[in-house]
Amino acid sequence: MKDMTTSGPMVEFRKDLFADERDDNLNEVGKPTRRQDIVGHVTGRSPFFDDHRFDGLLHMRCARSPHHHARIRRIDTSAAERMPGVVRVLTGRDVPVNLNTLLSLLDFGLDDEPILSDKKVAYMGEPVAAVIAATEAEARAAAAAIRVDWEVLPHVLDVEEAIKPGAPAVLDIYPDNKFVYHGKYDHQKLRYGDVETALRQADHVIEGRYQMSPIEQAPIETCGAIAAPEQNDRYVCYTSTQALFFSLGTAAKVLSMPSSRLHFIGGTVGGGFGGKVDSIHEPLAILGAMMTGRPVKYAWDRAEEMQVGAPRGAERWYVTDGVMNDGRIVARKFTGYFDAGAYTRLSSYAIIKGVGHLPGPYTIPNVSANVYCVYTNRTPATAMRGFGITGVDFAIEAHMDKVAEAVGMNPVELRILNAYRDGDMKAHRRLAKNCALIECAQVVAEKAGINLSPALKAASSLKDGGGARAELPRHTVTDEDGRVQGFAATSYARKGGADSAPLAPPTPRAPAAPPPARPSAQQPQTSSYTPPQPPPQPAAPDRPERPAPKPSRSGAMRFSSLSGFRRR
């Protein structure tokens with residue numbers, strides 16, 4: 001690929017590394033192509049949801065909880081209803097189905113979050129009522145006039161405090177403050193090989209603790225939607241969502257109406273970074289239009305975006321490595337805590353991806369992970385770019401530096417030594433292919449002036465992988481840690497094979513059979529346990545024959561676009 005401005009090389013595509021993934025029959029890469037919506041963006045004509053104008057537009061603002069955790073004894077909206085410009089005040093009893101989670105559309109989570117809370121709040125800023133008024137200022141003033149009789153409850157804001165016995169229960173359906181995976185376990189598991197035995201036999205055991213704070217996506221365009229009645233008992237909704245069909249499905253479910261009565265229009269998003277997926281605004285804006293018969297706009301201001309806009313959740317990782325004197329990592333154990341905040345949203349799903357990413361881009365023969373999705377009385381967390389991967393990558397790579405220091409190696413050398421080669425078995429039981437970490441590390445070393453050993457300079461992702469490194473461990477230790485008893489399963493849990501009736505008591509943990517060639521724990525470290533050896537440097541095996549190139553696509557590429565469309 002060439003730099004279009006200097007005609008010089010911009011990116012070097014190592015086709016020797018990625019030949020199986022990339023062919024030459026590309027229609028767009030390598031030549032200038034105009035984005036379908038770029039003209040609208042650079043001329044200012046692209047219509048965002050807030051650019052649409054409706055006669056008689058009403059505005060919605062929410063009254064919110066000042067407490068982290070509190071029971072609602074009474075909501076008094078009478079004063080707000082008498083204020084100038086107020087058309088209607090909505091509470092939870094006005095919402096047809098006042099409980100939701102986006103994941104229930106995927107059959108992966110239990111509905112747990114009210115649209116407008118009317119019994120209890122679980123985080124500061126949770127909405128309890130929505131005011132619809134002629135102007136935004138009148139809606140704000142009336143929202144401030146709503147009075148709530150609170151019973152303040154104990155709260156918890158730290159993931160490890162939240163899972164201790166006796167901690168306040170954030171959600172009744174998860175009394176231990178842990179999401180239940182597959183209807184069976186209170187955490188997501190990964191087991192590969194025998195970590196404990198390998199740790200006992202390693203020359204070094206190196207532990208680390210890593211913490212990430214919540215991160216707000218902070219889009220330039222705050223989240224919002226405008227809904228209006230259409231003909232034939234339908235409603236149109238202009239929205240900033242990144243997930244139009246998620247929002248359509250959520251609105252139909254919350255409003256208990258067929259999706260055929262909803263006309264959603266999106267497509268132009270003023271920044272999102274993963275945060276505009278929670279379908280918060282669309283159901284309330286449509287409900288407002290249903291209740292008033294007029295167009296209703298519900299959008300966050302910047303302060304609300306920062307306060308109640310769902311961030312990437314905080315993560316805490318504990319990583320323990322067993323390492324040999326020559327730098328080979330023979331065991332890696334993870335314990336991770338994702339802070340989901342007060343409700344499920346997308347954190348539990350992100351953990352699935354994060355665990356699938358373990359143990360990073362490294363061939364380690366023994367891996368174990370317990371990763372918890374924990375509820376706290378903080379703002380609910382959701383998706384962000386990197387979705388479940390960014391935090392664990394930070395922990396893994398920070399820990400690699402710590403390991404390198406402990407064994408006296410350059411961090412780049414440690415990464416090359418342990419990196420995946422093509423054909424290696426990953427901890428989640430897929431063969432690695434198209435690996436390139438070694439080559440990337442070699443380039444970094446060259447540019448940083450790091451003098452690698454001849455063996456590491458000659459290392460390649462294309463050789464020395466596979467063979468014994470492609471074999472599954474002869475023995476993998478399994479357990480029933482975190483088995484959930486009496487979980488009230490619904491359709492989500494039954495899909496995983498669990499019955500709707502309470503689960504039988506867990507089977508007592510049986511001692512795992514010893515691996516065929518493992519030494520006992522009493523044997524000295526110089527026993528017969530043999531971790532994978534550093535890759536020799538013989539000639540590379542023949543690369544699989546490259547498949548025939550695909551035929552070029554003929555005909556013009558067709559796109560649809562909303563650019564230039566406005567409803568005035």
Side-chain angles (χ1 to χ4, degrees), residues 21 101-110 112 159 174 178-192 210-217 242-243 245-246 272-279 310-319 332-341 343-364 367-375 380-400 420 424-435 437 482 492-493 495-496:
E21 288 192 347
T101 182
L102 182 65
L103 290 179
S104 66
L105 296 176
L106 307 175
D107 205 15
F108 189 77
L110 307 180
D112 58 14
V159 285
Y174 298 114
K178 302 171 189 171
F179 183 82
V180 175
Y181 280 92
H182 318 299
K184 297 179 180 178
Y185 295 104
D186 64 9
H187 61 280
Q188 182 69 16
K189 290 172 177 282
L190 174 65
R191 299 288 186 269
Y192 185 76
Y210 307 93
Q211 173 78 41
M212 282 187 64
S213 300
I215 300 175
E216 160 64 27
Q217 297 87 353
Q242 289 181 252
F245 287 95
F246 272 164
F273 317 110
K276 291 180 175 175
V277 295
D278 289 326
S279 307
R312 170 191 286 149
E315 299 174 29
R316 183 173 300 159
W317 289 94
Y318 293 89
V319 186
R332 175 164 282 180
K333 183 164 70 173
F334 293 91
T335 301
Y337 302 97
F338 274 60
D339 190 344
Y343 298 108
T344 298
R345 297 200 182 170
L346 286 167
S347 294
S348 57
Y349 196 56
I351 288 172
I352 294 282
K353 291 191 66 176
V355 173
H357 185 63
L358 302 177
Y362 304 108
T363 298
I364 301 175
V367 181
S368 173
N370 293 335
V371 186
Y372 297 83
C373 177
V374 182
Y375 297 99
T382 192
M384 192 175 178
R385 286 289 176 264
F387 196 53
I389 303 298
T390 309
V392 64
D393 260 343
F394 158 72
I396 289 171
E397 297 307 327
H399 196 68
M400 290 295 287
Y420 281 144
D424 285 359
M425 180 62 69
K426 300 180 180 180
H428 49 90
R429 297 166 175 76
R430 296 292 297 270
L431 291 177
K433 62 178 183 179
N434 297 307
C435 304
L437 176 59
Y492 150 61
K495 188 174 183 180

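This one's a predicted model, so the numbers in the text were calculated from it and none came from an experiment.
Contact record, L358 with A427: O-CB, 4.1 Å, taken as the closest heavy-atom pair. Residues F273 and Q217 approach most closely at CD1-O, 3.4 Å, considering heavy atoms. The shortest non-hydrogen separation linking T382 to S347 is N-OG, 4.4 Å. Of all heavy-atom pairs spanning Y181 and C373, the tightest one is OH-CB, 3.8 Å. Across V392 and E315, no two heavy atoms sit closer than the pair N-OE1, 3.6 Å. When every heavy atom of Y375 is checked against every heavy atom of T344, the shortest pair comes out as OH-OG1, 2.7 Å.
Note that NZ of K333 is 13.5 Å distant from CG of L190, once rounded to the nearest 0.5 Å. In this structure, L431 CG and Y420 OH are separated by 10.5 Å, a value rounded to the nearest 0.5 Å. Distance check, rounded to the nearest 0.5 Å: NZ of K178 to CD of Q188 gives 14.5 Å. With rounding to the nearest 0.5 Å, the separation of CG in D278 from CG in L102 is 6.5 Å. To the nearest 0.5 Å, atoms CZ (R345) and CG (L103) are separated by 11.0 Å. In this structure, H187 NE2 and Y337 OH are separated by 10.0 Å, a value rounded to the nearest 0.5 Å.
In terms of modelled atom types and a separation under 3.5 Å, the side chain of R191 and the main chain of A369 share a donor-acceptor contact. In this structure, R312 contributes its side chain and R385 its backbone to a donor-acceptor pair below 3.5 Å. Side-chain N or O atoms of H428 include one that pairs as donor or acceptor with a backbone N or O of G356 at under 3.5 Å. Listed for the Q242 side chain is no donor-acceptor partner under 3.5 Å among the backbone atoms of V277.
Here the side chains of D186 and Y174 are not in contact, with every heavy-atom distance at 4.5 Å or above. N370 places a side-chain heavy atom less than 4.5 Å from the side chain of K189. In this structure, the side chains of Y192 and R429 come closer than 4.5 Å at one or more pairs of heavy atoms. The side-chain heavy atoms of D339 and V374, taken from C-beta on, include no pair separated by under 4.5 Å. Using a 4.5 Å cut-off on side-chain heavy atoms (C-beta onward), I396 and Y362 make contact. Considering only heavy atoms from C-beta on, W317 comes within 4.5 Å of F338 through its side chain. Taking 4.5 Å as the limit, every side-chain heavy atom of V355 sits out of range of all side-chain heavy atoms of F334.
Between H182 and F108, the ring-plane angle classifies as perpendicular under the 30° and 60° cut-offs.
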Show your reasoning for whether side-chain contact (heavy atoms from CB on, under 4.5 Å) applies to I352 and F387. CA-CA 10 Å; I352 294 282; F387 196 53; over 6 Å; no

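Applying the 6.0 Å contact sphere to CZ of R430 captures no more than 12 heavy atoms from other residues, nucleotides or ligands.
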